[in-house]
Amino acid sequence: MTIFFHEQLYRSHPVMAKLKDYPITICGAGALGANIAENLARSGFEKLTIIDRDRIEERNLSTQPYYRSDVGAFKAKILANNLYRAIGIKVEAKTKELTPTNTTQLLKDSQLIVDVFDNSVARQAVKDYAQEFSVPCVHAGLAADYAEVIWNDSYRVPSDVNDDVCDYPLARNLVMLTVAVTCEAIVSQVTTTQQRNFTITLKDLTVQSHI
């Protein structure tokens, strides 16, 4: 109980026991995915899988929980190593590209999926898998000062127009707001099965719920 002392006081012992054994797969270990994984792990989730083929770049360091010495290494592996060192949780890292042909292999043990991929093809593959196998799936995404957290039934995959664009505005505060909202939406689904959708805007600090 020591590591999660404050969280358990807030959530209750039965809730913490449920979070501990709930398998979640996070698709993407970038600004949203890496911070969501860390937040979930530090909130008591102990069965996490991270899927991401990318390596850490210097430009990732302002919004992602990596270090300068990590540059060049696989994001998923470094994230798993860091969380084990920090709190002793063993996160499964899969450094593979998720495609429409390998979703069953990569997602088969998921009880809940978090999609934070940065391309429309992978997002569509995750959405299709979750729909086919009735797996709860939440999609989170960012654009300028706007973010959304949307469950699969209401989610529409964005166009691939910006899939290859690397130079885009990204505020750390919007990232962290979105991470907090996404994680709380996940806890709500796990504990009550309620799926709440959200939109977030940074300039006016607004979080709107759309059930």
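Atom CD of Q208 sits about 11.0 Å away from atom CZ of F198, to the nearest 0.5 Å. Note: T25 OG1 to D109 CG = 7.5 Å, rounded to the nearest 0.5 Å. Of the inter-residue distances, the one linking T182 atom OG1 with I36 atom CD1 reads 4.5 Å to the nearest 0.5 angstrom. Rounded to the nearest 0.5 Å, atoms CZ (R55) and CD1 (I78) are 10.0 Å apart. Here CZ of F117 is found 9.0 Å from CG of D54. Values are rounded to the nearest 0.5 Å. One distance of note links CG of L106 with SG of C27; it measures 8.0 Å at 0.5 Å rounding.
Cluster annotation: L205 is connected to V181 through the hydrophobic network of ILVMFWY side chains, with a link wherever side-chain heavy atoms come within less than 4.5 Å. In terms of hydrophobic clustering, with Ile, Leu, Val, Met, Phe, Trp and Tyr side chains grouped at heavy-atom distances under 4.5 Å, L79 and V114 are assigned to a common cluster. Hydrophobic clustering of Ile, Leu, Val, Met, Phe, Trp and Tyr side chains at less than 4.5 Å, counting indirect connections, keeps L40 apart from I113. Hydrophobic clustering of Ile, Leu, Val, Met, Phe, Trp and Tyr side chains at less than 4.5 Å, counting indirect connections, unites V179 with L19. Hydrophobic clustering, with ILVMFWY side chains joined whenever heavy atoms are under 4.5 angstrom apart, groups I26 together with L83.
Residues A130 and C137 approach most closely at CB-CB, 3.5 Å, considering heavy atoms. The shortest heavy-atom contact between D52 and A29 is OD2-N, 2.6 Å. Across A41 and I89, no two heavy atoms sit closer than the pair O-CD1, 3.4 Å. The two residues G28 and V116 come nearest to each other via the heavy atoms O-CG2, 3.7 Å. Among all heavy-atom pairs drawn from N173 and L202, the shortest one is CB-CD1, 4.0 Å. The shortest heavy-atom contact between A31 and N35 is O-ND2, 2.7 Å.
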Working note: V207 + T199, criterion side chain to side chain contact (heavy atoms under 4.5 Å, CB included); need CA distance, chi angles, decisive distance, verdict. CA-CA 6 Å; V207 177; T199 55; over 6 Å; no
Apply side chain to side chain contact (heavy atoms under 4.5 Å, CB included) to the pair I50 and E92, showing each step before the final yes or no. CA-CA 6 Å; I50 312 292; E92 183 177 0; over 6 Å; no
Could you go through the side chain to side chain contact (heavy atoms under 4.5 Å, CB included) check for T63 and L170 one step at a time? CA-CA 8 Å; T63 57; L170 182 60; 4.1 Å; yes
Donor-acceptor list for residues 138-151 side chains, cut-off 3.5 Å, not counting sequence neighbours:
unit_1 : atom_1 : unit_2 : atom_2 : d
H139   : ND1    : D115   : OD2    : 2.6
H139   : NE2    : N152   : OD1    : 2.6
Y146   : OH     : E148   : OE1    : 3.4
W151   : NE1    : R196   : O      : 3.2

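Within the 3.5 Å criterion, the main-chain N or O of Q105 finds no donor-acceptor partner in the side chain of N102. Checking side-chain atoms of T191 against main-chain N and O of V187 turns up a donor-acceptor pair under 3.5 Å. Without hydrogens or angle criteria, T192 side chain to Q194 main chain gives a donor-acceptor distance under 3.5 Å. Under the 3.5 Å distance criterion, the side-chain polar atoms of D153 are left unmatched by any main-chain donor or acceptor of Q131. No donor-acceptor pair under 3.5 Å is formed between the side chain of R53 and the backbone N or O of T95.
Counting only residues at least two apart or on different chains, no ring-ring contact (aromatic ring centres under 6.0 Å, His included) pair has a member in residues 43-74. Pairs passing the salt bridge (Lys or Arg N to Asp or Glu O under 4.0 Å) check and including a residue from residues 124-138, sequence neighbours excluded, do not occur. Sorted by first and then second residue, the salt bridge (Lys or Arg N to Asp or Glu O under 4.0 Å) pairs involving residues 174-190 (not counting sequence neighbours) are R11-E184.
Counting only heavy atoms from C-beta outward, the side chains of Q8 and H6 never approach each other to under 4.5 Å. Using a 4.5 Å heavy-atom threshold, the side chains of I87 and R42 count as touching. No side-chain heavy atom of K18 sits under 4.5 Å from any side-chain heavy atom of V15. In this structure, the side chains of V135 and Q111 stay at 4.5 Å or more apart for every pair of heavy atoms. Residues S62 and R172 have side chains not in contact (no heavy-atom distance under 4.5 Å, counting atoms from C-beta outward). Looking at D21 and K47, their side chains come closer than 4.5 Å, going by heavy atoms from C-beta outward. Looking only at side-chain heavy atoms (C-beta outward), I186 and Q189 stay at 4.5 Å or farther from each other. Side-chain contact between V121 and V157: absent, with no pair of heavy atoms (C-beta onward) separated by less than 4.5 Å.
In terms of the ring pair (Phe, Tyr, Trp, His ring centres under 6.0 Å) criterion, residue partners of F133 (sequence neighbours excluded) are, by chain and number, Y129. The ring pair (Phe, Tyr, Trp, His ring centres under 6.0 Å) check on Y22 picks up nothing, with sequence neighbours excluded.
Atom NZ of K77 has 12 or fewer neighbouring heavy atoms from other residues, nucleotides or ligands inside a 6.0 Å radius.
Side chains of K75 and Q64: a donor-acceptor N/O pair is present below 3.5 angstrom, by distance only.
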